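Residue numbers start at 1 and run along the sequence shown. No experiment lies behind these values; they were computed from the predicted model shown.
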Amino acid sequence: MTSEIIDTKDLKNDPVFGQLSFDNHEQIVFCNDEDTGLKAIIGIHNTTLGPALGGTRMWQYKSEWEALNDVLRLSRGMTFKSAITGLNLGGGKAVIIGDAKTQKNDALMRKFGEFVHSLSGKYITAEDVGMETRDMDIIREVTPHVTGVSEAIGGSGNPSPVTAYGVYMGMKAAAKYKFGTDNLAGKKVLVQGVGHVGETLVKHITDEGAQVILNDISEERLAALSKKYDANVALGNDIYGLDIDIYAPCALGATLNDNTIAQLNAKVVAGAANNQLANELKHGKLLQERGIAYAPDFLINAGGIINVYAEVEGYGKEESLKRTENIYNTTLEIFDLAEKENITTHQAAFNIAQARIDARKKEQNS
């Protein structure tokens with residue numbers, strides 16, 4: 001496996017500590033193994049509330065710099081996701097640089113697992129983009145610090161269905177706030193990205209009677225799912241001006257930016273993607289000014305971590321779904337708080353999460 005090596009001229013003067021996405025990370029681990037070709041980065045943002053738990057993403061990044069920035073943003077997001085959901089977990093994430101379809105193999109997974117194990121439980125990994133439950137099973141062969149393993153070996157299985165259920169709950173809450181009803185029947189919903197989570201979300205909202213429009217980089221998958229769910233298809237990237245009620249970003253992040261928000265016709269944004277706001281403060285404010293109800297991503301996509309946390313805490317699937325369903329109530333609380341304090345929903349959710357972290361830190365220092 002090889003990856004592009006970026007030239008020093010492409011880096012800023014402070015390529016790690018000086019980046020906004022660094023945001024006081026506790027630890028960053030660069031993993032390299034010549035024999036397997038493994039090139040990975042583990043980001044541990046904050047462990048105040050507990051060990052850092054977050055999935056591993058395998059992606060063919062354009063550069064090592066892009067991979068580093070992604071893992072920093074993702075691991076930071078996991079800190080606030082666990083905090084606002086009430087889990088005793090910190091925030092961490094990992095990325096493996098490479099094409100999951102052609103470069104992933106059991107030896108690579110085991111070697112990555114050895115790096116995870118070397119952190120002695122400070123970081124617990126799980127499934128993310130480009131990874132499967134089977135990969136977690138392979139990692140489990142070399143370390144206990146992994147979640148989302150197969151139910152057959154005592155794990156919680158694929159977290160994607162529970163993630164999708166949480167997004168569905170968050171979407172319904174946002175619809176309740178914006179439209180006065182959480183009934184999605186007849187609502188035009190654009191789902192961008194129809195992987196494991198996106199497809200399950202499509203099933204939920206289709207069953208409720210929503211008019212679904214699908215968008216994905218794979219035209220083959222679009223054709224299959226369009227037929228399966230009797231959904232319309234929008235090809236390419238010029239999708240933000242479509243006549244829709246709800247935009248559900250379920251692929252990669254930063255799709256809400258200066259250009260897209262200006263075009264967006266939706267009244268609600270509620271999706272599974274991480275880091276949907278290219279700039280949290282600026283673009284959260286832009287959505288607020290345009291009257292678009294934004295359900296904070298790190299809140300409504302928390303079903304997956306709730307599901308895998310069951311392996312840490314020992315509760316069952318029923319409890320996982322119950323906790324995930326509560327995302328509906330928390331989302332409504334966030335909208336109410338944002339309106340009351342005249343702040344963005346992102347800021348409202350962030351403030352609650354940060355307050356929990358600060359309170360725990362105060363306890364530890366007293």
Legend entry - His25 side chain to Ser75 side chain, donor-acceptor N/O pair below 3.5 angstrom: yes
Inset, instruction - Any pair with a residue in residues 269-316 that passes ring-ring contact (aromatic ring centres under 6.0 Å, His included), sequence neighbours left out, goes on the list, sorted by first then second residue, please. - result: Phe298-His346
Legend entry - Residues forming a ring-ring contact (aromatic ring centres under 6.0 Å, His included) with Phe350, sequence neighbours excluded: Phe80
Inset, instruction - For Asn307 and Arg323, test the side chains for any donor-to-acceptor distance below 3.5 angstrom and give the result as yes or no. - result: no
Legend entry - Distance-only polar pair, side chains of Ser150 and Thr133, donor-acceptor under 3.5 Å: no
Inset, instruction - Please say whether more than 12 non-hydrogen atoms of neighbouring residues, nucleotides or ligands are located less than 6.0 Å from NZ in Lys361. - result: no
Legend entry - Donor-acceptor side-chain pairing of Glu26 and Thr47 below 3.5 angstrom: yes
Inset, instruction - Using the test side-chain hydrogen bond (donor to acceptor under 3.5 Å, both in side chains), find all partners of Asp336 that sit at least two apart in sequence or belong to another chain. - result: none
Legend entry - Listed partners of Glu339 passing side-chain contact (heavy atoms from CB on, under 4.5 Å), at least two apart: Tyr177
Legend entry - Residues Lys187 and Gln211: side-chain donor-acceptor under 3.5 angstrom: no
Inset, instruction - Apply ring-ring contact (aromatic ring centres under 6.0 Å, His included) to His196 and list each qualifying residue two or more places apart in sequence or on a separate chain. - result: none
Inset, instruction - Consider only side-chain N and O atoms of Gln288 and Lys285, and report whether a donor and an acceptor are under 3.5 Å apart. - result: yes
Inset, instruction - List in chain and number order the residues that pass ring-ring contact (aromatic ring centres under 6.0 Å, His included) with Tyr247, two or more places apart in sequence or in another chain; answer none if no residue qualifies. - result: Tyr240
Inset, instruction - Can you spot which of Ile357, Thr79, Leu89, Leu87 makes a side-chain contact (heavy atoms from CB on, under 4.5 Å) with Leu49? - result: Ile357
Inset, instruction - Taking atom types as modelled, find out whether Thr163 and Tyr165 have a side-chain donor-acceptor pair closer than 3.5 angstrom. - result: no
